[in-house]
Amino acid sequence: MKTRQLGELVVSELGLGCMGMSEFYAGRDEQESIATIHRALELGVMLLDTADMYGPFTNEELVGRAIRDRRDQVILATKFGNVRSSDGQFLGVSGKPDYVRQACDASLQRLGVDVIDLYYQHRVDPTVPIEETIGAMAELVKQGKVRYLGMSEAAPATIRRAHAVHPITALQTEYSLWSREPEDELLPTVRELGIGYVAYSPLGRGFLSGEFTNPDDFAPDDYRRNAPRFQGENFYKNLQLVEQVKAIATEKGTTPSQLALAWLLAQGNDIVPIPGTKQRRYLEENIAATEIVLTDEELSRIEAIAPKGIAVGSRYAEPQMKALNH
């Protein structure tokens with residue numbers, strides 16, 4: 001596994017998103033999830049990504065158990081800002097300094113570690129000046145509780161203001177063949193500032209894998225049923241993109257997932273995708289994408305079938321969309 005740099009932080013060129021091991025996507029198998037994390041580390045994956053809201057709270061505990069005897073192999077990333085109650089209710093977004101400190105201490109305890117390698121503000125709180133939130137996060141660095149700071153789904157102007165308070169190491173937003181909006185302003189901004197880019201949902205929440213053929217493929221408790229891109233006519237229009245990705249992948253002798261990841265890796269050495277999975281077989285398939293080299297002709301063909309704005313429907317339901325890009 002090769003490495004890439006997020007600011008000054010060196011990580012594996014592919015990370016592992018752990019969210020689905022505890023919530024949002026149907027099916028739970030803690031034993032297989034922990035085995036998947038262990039296998040990822042064996043194969044050179046260093047960056048593990050979680051958040052306090054996943055579960056809620058239980059995903060950090062799961063990751064903590066998985067890495068307890070191998071902490072030195074892990075670049076551990078977690079997030080705060082999406083506030084939830086213990087029964088799972090969403091209570092809003094908070095970037096208040098007191099909350100930042102409380103959230104960090106709670107995450108450290110659940111993870112069973114002394115320090116978080118990369119601590120993200122999960123969503124920007126529009127009611128709190130970003131300077132106050134980042135100032136509180138910078139204090140955590142001084143105290144030795146956090147090594148590097150990150151932001152997620154923040155607007156370019158907010159990133160600049162935050163970076164002026166304390167160096168931001170990584171920005172995390174959704175980026176894939178059907179979510180190319182970051183190319184307009186976000187990528188140029190973070191590249192100018194020397195900030196790395198972590199791409200979540202690089203497989204379009206699994207859609208680009210080609211495994212789904214109709215909206216009813218999702219279990220009743222799978223949150224993708226509520227996302228506009230996966231509903232009704234939108235689903236079938238977006239499926240046309242997947243079919244074209246499949247065709248190129250077949251010619252190349254890869255899976256659609258591998259082609260989508262190889263394309264993303266080719267967009268720059270400062271981009272680190274974190275595909276999520278809770279099964280070893282998909283993990284190994286994803287990691288194999290790091291060995292795929294796409295020719296200029298292949299990249300041009302992919303560009304032609306997946307231009308910016310190709311996806312039909314928004315990334316999240318309307319209430320979640322309102323929390324983005326502050």
Side-chain angles (χ1 to χ4, degrees), residues 5-12 15 18-19 46-84 86 91-154 158-172 190 193-198 272 274 326:
Q5 284 200 219
L6 301 173
E8 296 181 356
L9 179 62
V10 177
V11 301
S12 49
C18 299
M19 179 188 79
M46 299 156 61
L47 181 62
L48 300 183
D49 186 272
T50 181
D52 58 2
M53 71 162 279
Y54 302 157
F57 316 126
T58 55
N59 194 242
E60 286 185 325
E61 293 171 348
L62 185 152
V63 171
R65 287 194 294 275
I67 68 171
R68 194 134 299 157
D69 60 348
R70 53 201 84 193
R71 175 68 178 96
D72 59 344
Q73 299 177 44
V74 178
I75 301 295
L76 184 59
T78 192
K79 316 177 199 73
F80 75 92
N82 282 311
V83 187
R84 295 182 72 182
S86 56
L91 304 177
V93 173
S94 179
K96 295 177 181 177
D98 283 349
Y99 181 75
V100 174
R101 291 186 282 268
Q102 293 167 13
C104 180
D105 287 343
S107 287
L108 286 167
Q109 186 170 6
R110 283 189 292 266
L111 290 162
V113 298
D114 297 324
V115 62
I116 294 163
D117 297 308
L118 179 56
Y119 198 42
Y120 290 100
Q121 181 183 22
H122 207 163
R123 294 290 184 270
V124 173
D125 183 347
T127 70
V128 177
I130 193 63
E131 290 81 1
E132 293 184 16
T133 303
I134 299 299
M137 294 171 71
E139 283 297 317
L140 298 173
V141 176
K142 287 181 183 176
Q143 293 166 10
K145 295 180 178 181
V146 170
R147 292 178 62 211
Y148 296 97
L149 303 186
M151 302 180 78
S152 178
E153 295 285 0
T158 306
I159 296 166
R160 290 182 185 279
R161 287 168 55 197
H163 194 64
V165 175
H166 187 280
I168 301 299
T169 293
L171 173 73
Q172 180 177 138
V190 298
L193 298 173
I195 298 170
Y197 194 99
V198 174
V272 177
I274 52 167
H326 290 297

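Worth knowing before you read on, the calculation uses all heavy atoms, side chains too, and leaves out hydrogens, waters and symmetry mates.
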Walk me through it: do Phe80 and Gln102 pass the test side-chain contact (heavy atoms from CB on, under 4.5 Å)?
-> CA-CA 10 Å; Phe80 75 92; Gln102 293 167 13; over 6 Å; no
Stepwise, does the side-chain contact (heavy atoms from CB on, under 4.5 Å) test hold for His326 with Val93?
-> CA-CA 12 Å; His326 290 297; Val93 173; over 6 Å; no
Nearest 0.5 Å please: distance from the OH atom of Tyr197 over to the CG atom of Leu171.
-> 5.5 Å
What distance separates Thr127 OG1 from Lys96 NZ, expressed to the nearest 0.5 Å?
-> 6.5 Å
Would you find more than 12 non-hydrogen atoms of other residues, nucleotides or ligands less than 6.0 Å from Gln109 atom CD?
-> no
Taking Arg71 for the side chain and Val74 for the main chain, is one N or O donor matched with an acceptor at less than 3.5 Å?
-> yes
Kindly give the heavy-atom pair with the smallest separation between Leu118 and Ala170, and that separation in Å.
-> CD2-CB, 4.1 Å
Separation of Tyr54 OH from Glu61 CD (nearest 0.5 Å) | 15.5 Å
Close side-chain approach of Ile75 and Leu9, heavy atoms under 4.5 Å | yes
State, with a plain yes or no, whether a side-chain heavy atom of Val83 is found less than 4.5 Å away from one of Tyr99.
-> yes
Counting N and O atoms only, with roles assigned by atom type, does the side chain of Asn82 sit under 3.5 Å from a partner on the main chain of His122, one being a donor and the other an acceptor?
-> no
Ser107 side chain reached by Ile116 side chain, heavy atoms, under 4.5 Å = yes
Do Lys145 and Asp105 come within less than 4.5 Å of each other through their side chains, counting heavy atoms only?
-> yes
Is Asp52 paired with Arg84 through a side-chain N to carboxylate O contact shorter than 4.0 Å?
-> no
Nearest 0.5 Å please: distance from the CZ atom of Phe57 over to the OG atom of Ser86.
-> 6.5 Å
Got more than 12 heavy atoms from elsewhere within 6.0 Å of CG, Asp114?
-> no
In a check of side-chain contact (heavy atoms from CB on, under 4.5 Å) between Tyr119 and each of Val146, Thr169, Leu108, which one passes?
-> Val146
Which atom names give the shortest non-hydrogen contact between Ile159 and Met151, and what distance separates them?
-> CA-SD, 4.2 Å
Does the side-chain contact (heavy atoms from CB on, under 4.5 Å) test come out yes or no for Gln172 and Ile274, once each step is laid out?
-> CA-CA 10 Å; Gln172 180 177 138; Ile274 52 167; 3.9 Å; yes
Between the CE atom in Met46 and the OG atom in Ser12, the distance rounded to the nearest 0.5 Å is 6.0 Å
For Leu76 against Val63, the heavy-atom pair lying closest together | CD1-CG1, 3.9 Å
Heavy-atom side-chain proximity of Met53 to Lys79 below 4.5 angstrom = no
Looking only at heavy atoms, what is the nearest atom pair of Arg68 and Gly112, with distance?
-> NH2-CA, 3.9 Å
Intermediate values then yes/no, side-chain contact (heavy atoms from CB on, under 4.5 Å), Ile168 and Ile134 = CA-CA 9 Å; Ile168 301 299; Ile134 299 299; 4.2 Å; yes
Does a side-chain heavy-atom distance below 4.5 Å link Leu140 with Gln143?
-> yes
Nearest heavy-atom pair of Ile130 and Ala162: which atoms, and what distance?
-> CG1-CB, 4.0 Å
Val124 vs Thr133 side-chain heavy atoms within contact, under 4.5 Å | no
In this structure, OG1 of Thr50 is separated from CG of Asn59 (nearest 0.5 Å) by 3.5 Å
Near Glu8 CD, under 6.0 Å, is it more than 12 heavy atoms from other residues, nucleotides or ligands?
-> no
Can you check whether Arg110 reaches Thr78 side chain to side chain, under 4.5 Å on heavy atoms?
-> no
Exercise: identify the closest heavy-atom pair between Glu60 and Ala51 | CG-O, 3.7 Å
